[in-house]
Amino acid sequence: MTVSTLATERRPLVLRTRPAVDLTDDEFFAFCRLNEEWRIERTAVGELEIMAPAGWETSSRNAIITAQLTTWALGDGTGIASDSSGGFILPNGAVRSPDAAWVRRDRLAALSAPRRERFLPLCPDFVIELRSPSDGLGRIRAKMAEYVENGARLGWLIDASEHRVEVCRPGVEIELLDAPRSVTGAPELSGFVMDLDLIWRQRS
């Protein structure tokens with residue numbers, strides 16, 4: 001890795017706490033609440049990954065993505081969408097916050113109201129990760145693989161700088177889409193089509 005890459009790649013600060021401190025799910029939730037200005041995730045081995053807020057262009061693109069998913073979800077009614085602040089405790093113990101996610105209502109109905117106020121103990125049915133120009137591609141691909149391995153039925157890795165989408169599903173090869181104008185969530189999310197032109201054109 002070159003010096004210039006090190007200077008521009010947005011990598012998380014990693015804190016290793018085990019075995020000195022082994023946070024429970026509730027303790028980790030409280031820790032995140034105390035540090036709300038940071039985006040904090042936990043790996044399957046208990047490492048805490050702390051990321052600074054995203055840049056403005058990435059944040060704006062993510063708002064467009066979340067708005068389209070939320071609009072479809074409200075009309076479809078079979079599930080609920082969440083933005084990048086929503087945390088999920090995956091079956092492997094990791095706590096992740098995808099840039100956008102969708103969960104079926106029947107799965108949410110099995111959780112108590114107090115439980116839904118905290119990180120959800122499940123993997124979303126659908127996840128989206130948006131790569132900014134400073135994000136390492138390998139790290140985001142590893143997160144997408146983790147979602148699929150832990151139960152996600154569909155995942156999109158949207159690379160705005162390259163105008164590329166990687167469509168991930170369990171048990172099949174990753175589908176690479178170069179400069180698509182849109183991408184469909186069918187059959188997992190019937191009727192959901194994301195307009196990607198809005199994301200490719202977004203500029204400050």
Side-chain angles (χ1 to χ4, degrees), residues 1-18 23 28 31-32 35-66 69 82-102 119-120 122-170 172-178 183 194 196 199-200 202:
M1 182 175 293
T2 66
V3 174
S4 60
T5 301
L6 283 171
T8 59
E9 184 175 318
R10 191 170 67 112
R11 295 186 297 173
L13 171 67
V14 178
L15 299 181
R16 297 171 179 85
T17 64
R18 294 177 179 174
L23 298 175
F28 178 63
F31 177 79
C32 293
N35 298 276
E36 290 184 341
E37 66 274 23
W38 301 99
R39 181 171 175 177
I40 307 173
E41 295 184 328
R42 185 177 67 192
T43 70
V45 296
E47 295 177 344
L48 306 186
E49 296 182 337
I50 303 175
M51 185 74 75
W56 185 89
E57 281 199 348
T58 297
S59 176
S60 180
R61 288 188 177 102
N62 202 72
I64 294 171
I65 289 170
T66 304
L69 178 59
S82 61
D83 64 14
S84 60
S85 62
F88 297 87
I89 306 172
L90 306 185
N92 69 353
V95 179
R96 296 299 187 186
S97 299
D99 289 319
W102 179 85
F119 300 143
L120 292 186
L122 53 79
C123 182
D125 296 281
F126 172 56
V127 296
I128 300 175
E129 289 286 354
L130 173 65
R131 185 194 180 201
S132 73
S134 57
D135 284 329
L137 183 57
R139 175 177 170 273
I140 299 182
R141 281 175 170 165
K143 288 180 66 176
M144 293 301 298
E146 183 179 49
Y147 291 132
V148 172
E149 291 166 359
N150 279 270
R153 297 186 294 136
L154 177 64
W156 293 346
L157 195 170
I158 300 176
D159 190 336
S161 61
E162 299 294 332
H163 290 196
R164 180 180 300 148
V165 178
E166 298 185 9
V167 180
C168 306
R169 290 183 170 92
V172 298
E173 291 291 325
I174 294 173
E175 181 182 4
L176 301 179
L177 306 177
D178 286 317
V183 60
M194 177 165 289
L196 291 169
I199 299 167
W200 305 152
Q202 184 69 7

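Quick note: numbers below take in every heavy atom, side chains included, and nothing from hydrogens, waters or symmetry partners.
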| What distance do I64 atom CD1 and L196 atom CG have between them, rounded to the nearest 0.5 Å? | 10.5 Å
| said: To the nearest 0.5 Å, what is the distance between CG on L120 and CG on L90? | reply: 11.0 Å
| task | Taking the side chain as every heavy atom from C-beta outward, state whether I40 and F28 have any atom pair closer than 4.5 Å. | result | yes
| field | Heavy-atom pair with the smallest gap, counting every atom of A152 and P170 | value | O-CD, 3.7 Å
| request: Measure from the side-chain N and O atoms of N150 to the backbone N and O of N92, and report whether any donor-acceptor pair falls under 3.5 Å. | output: yes
| field | Nearest heavy atoms of F119 and I89, plus distance in Å | value | CB-CG1, 3.8 Å
| For D159, what residues pass the side chain to side chain donor-acceptor pair (under 3.5 Å) criterion, not counting sequence neighbours? | R131, S161
| task | Would you give the length of the straight line joining atom SG of C168 to atom CD of E129, rounded to the nearest 0.5 angstrom? | result | 10.5 Å
| remark: Rounded to the nearest 0.5 angstrom, the CG-CD1 distance for L130 and I140 is 8.0 Å
| field | Pairs touching residues 128-157 that satisfy ring pair (Phe, Tyr, Trp, His ring centres under 6.0 Å), sequence neighbours left out | value | F126-W156, W156-F192
| query | Nearest 0.5 Å, what's the CZ-CG distance between R16 and L48? | reply | 10.5 Å
| query | At what distance, to the nearest 0.5 angstrom, does CG of L23 lie from OG1 of T17? | reply | 5.5 Å
| remark: Residues at least two apart in sequence or cross-chain that pass side chain to side chain donor-acceptor pair (under 3.5 Å) with R96, listed by chain then number, are E41, E49, E146
| request: Please check if the side chain of R153 supplies one atom and the backbone of D125 the other of a donor-acceptor pair under 3.5 Å. | output: no
| Above 12 or not: heavy atoms from other molecules or residues under 6.0 Å from CD of E36? | yes
| E166/R141 under side-chain contact (heavy atoms from CB on, under 4.5 Å): CA gap, chis, key distance, verdict | CA-CA 9 Å; E166 298 185 9; R141 281 175 170 165; 2.6 Å; yes
| query | Shortest non-hydrogen contact from I199 to R61? | reply | O-NE, 3.1 Å
| query | Quick one: does D99's side chain have a donor or acceptor within less than 3.5 Å of a partner on N62's backbone? | reply | no
| note | In terms of heavy-atom contacts, A100 and T66 come closest through CB-OG1, 4.2 Å
| message | Please give me the minimum heavy-atom distance between M194 and I158, naming the atom from each residue. | response | SD-CD1, 4.1 Å
